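Shown next, in structure tokens, is the structure this report addresses.
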Protein chains: 2
Amino acid sequence: MLHRFKQGLAVSILLAVSGSVLAQQLPQLKPEEATRYRKAGYAFANRNMLKIKAMLDGSLPYNKDQVLAAATVINSTVNSGMGALYLPGTEKDIGSEKTRLKPEFFTQPDKVKEVAGACRTAGSKLATAAASSNQAQVRVAFDDMGKAGKGCHDAFRKD
Amino acid sequence: MLHRFKQGLAVSILLAVSGSVLAQQLPQLKPEEATRYRKAGYAFANRNMLKIKAMLDGSLPYNKDQVLAAATVINSTVNSGMGALYLPGTEKDIGSEKTRLKPEFFTQPDKVKEVAGACRTAGSKLATAAASSNQAQVRVAFDDMGKAGKGCHDAFRKD
């Protein structure tokens, strides 16, 4: 009974994180693969956030094509069904695959839904802003994406 | 003189890999960061290739939204300016950051240009096919993306 409850809770959380996407992929992934891909996706998204940041703060010349390319990586990542990569057990290190995910991720589905939804929306708005070539709009959307990411980290990442 | 030649060669290769994108970001990245982000980008792209593969081979139900989401990750990654992540020195392991990049990457600019261009084109075609919802077209584009990736690995990845 408890097992069934936990299964149901895990599915609820996955759907909250991923929207309707990819929850059925679960059986194909080993937990350590899920952790590895999850970290890879966020690391590469972060790399692209840093690119945009450098162009907004003047460290690099602003280039709308580069901003759009980076924003597209970020948006496509956060809207790719990341939820499928949060398998039960992946709040722990598995072999050499380390994680900072807090166990609370698997017990707070409403909070997961809130922060994951905020990230997906912010990604979408960032891509829209980047496509518009309006630098002021990009700046606002970039800051919102940063806040959305921080919201997720504050809730569910050990630091 | 040799140093200047090597610098010129490195820039040529970066431009070949990245198109015109992001070569000027070089000074901001440490070599080990470049390796880490490069591996992260390809790992997450590979995760998304495996998603599409599973939907094409019947392991998972074909879902055009999921295929498009995955194809968008792949295309945005290979067209994000990966060239900036091939810093001189990153053909070697740096601390805990391992790599399988062959040293030949930095001495064969024409081959780099060829395989990198093929990857960028294949990514773009995969995204177009996924957006079309034509499963036969997706299958062709997926196979071509796989071949393009293999072309890069055969030339420049130790296995």
Side-chain angles (χ1 to χ4, degrees), chain A residues 18-29 33-55 57 59-82 84-85 96-98 120 123-124 127 130, chain B residues 18-29 33-55 57 59-82 84-85 96-98 120 123-124 127 130:
Chain A
S18 66
S20 62
V21 180
L22 293 172
Q24 74 271 35
Q25 283 206 334
L26 270 173
Q28 295 206 315
L29 279 176
E33 292 172 331
T35 300
R36 185 167 75 90
Y37 288 134
R38 186 171 80 206
K39 286 162 61 183
Y42 290 132
F44 196 63
N46 183 51
R47 149 82 177 150
N48 283 277
M49 285 291 285
L50 294 174
K51 276 188 201 172
I52 297 175
K53 180 173 185 293
M55 287 186 271
D57 71 15
S59 306
L60 289 175
Y62 192 87
N63 178 307
K64 65 180 186 178
D65 292 336
Q66 294 179 15
V67 168
L68 179 57
T72 305
V73 168
I74 296 158
N75 180 40
S76 66
T77 299
V78 299
N79 280 294
S80 68
M82 294 300 282
L85 301 176
S96 62
E97 212 51 79
K98 310 288 184 194
R120 290 200 304 274
S124 176
Chain B
S18 66
S20 63
V21 181
L22 293 169
Q24 74 272 33
Q25 282 205 337
L26 271 171
Q28 294 206 314
L29 279 175
E33 292 173 329
T35 300
R36 184 166 78 88
Y37 288 134
R38 186 171 78 205
K39 287 163 58 183
Y42 291 131
F44 196 63
N46 182 53
R47 148 82 177 151
N48 284 276
M49 285 293 283
L50 294 173
K51 276 188 200 173
I52 297 176
K53 181 175 185 292
M55 288 187 270
D57 71 15
S59 307
L60 289 173
Y62 192 88
N63 179 307
K64 64 181 185 177
D65 292 337
Q66 293 179 16
V67 168
L68 180 57
T72 306
V73 169
I74 295 159
N75 180 40
S76 67
T77 300
V78 298
N79 279 294
S80 69
M82 294 301 281
L85 301 176
S96 62
E97 212 53 77
K98 310 289 184 193
R120 291 200 303 273
S124 176

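Computed from a predicted structure; not experimentally measured. Proteins get letters first, then strands, A, B, ... in listed order; numbering begins at 1 in each.
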With a 4.5 angstrom heavy-atom cut-off, which part of B:Arg36 approaches chain A: side chain, backbone, both or neither? side chain
When rounded to the nearest 0.5 angstrom, what distance separates CG in B:Leu50 from OH in A:Tyr37? 5.0 Å
Given heavy-atom pairs under 4.5 angstrom as the criterion, report whether the side chain, backbone, both or neither of B:Ala70 touches chain A. neither
Restricting to non-hydrogen atoms, name the atom on A:Thr72 and the atom on B:Thr72 that form the minimum distance, rounded to 0.1 Å. CG2-CG2, 4.5 Å
Quick one: CG on B:Leu68 to CG on A:Asn79, what's the gap to the nearest 0.5 Å? 11.0 Å
How long is the span from the CZ atom in A:Arg47 to the OG atom in B:Ser80, to the nearest 0.5 Å? 7.5 Å
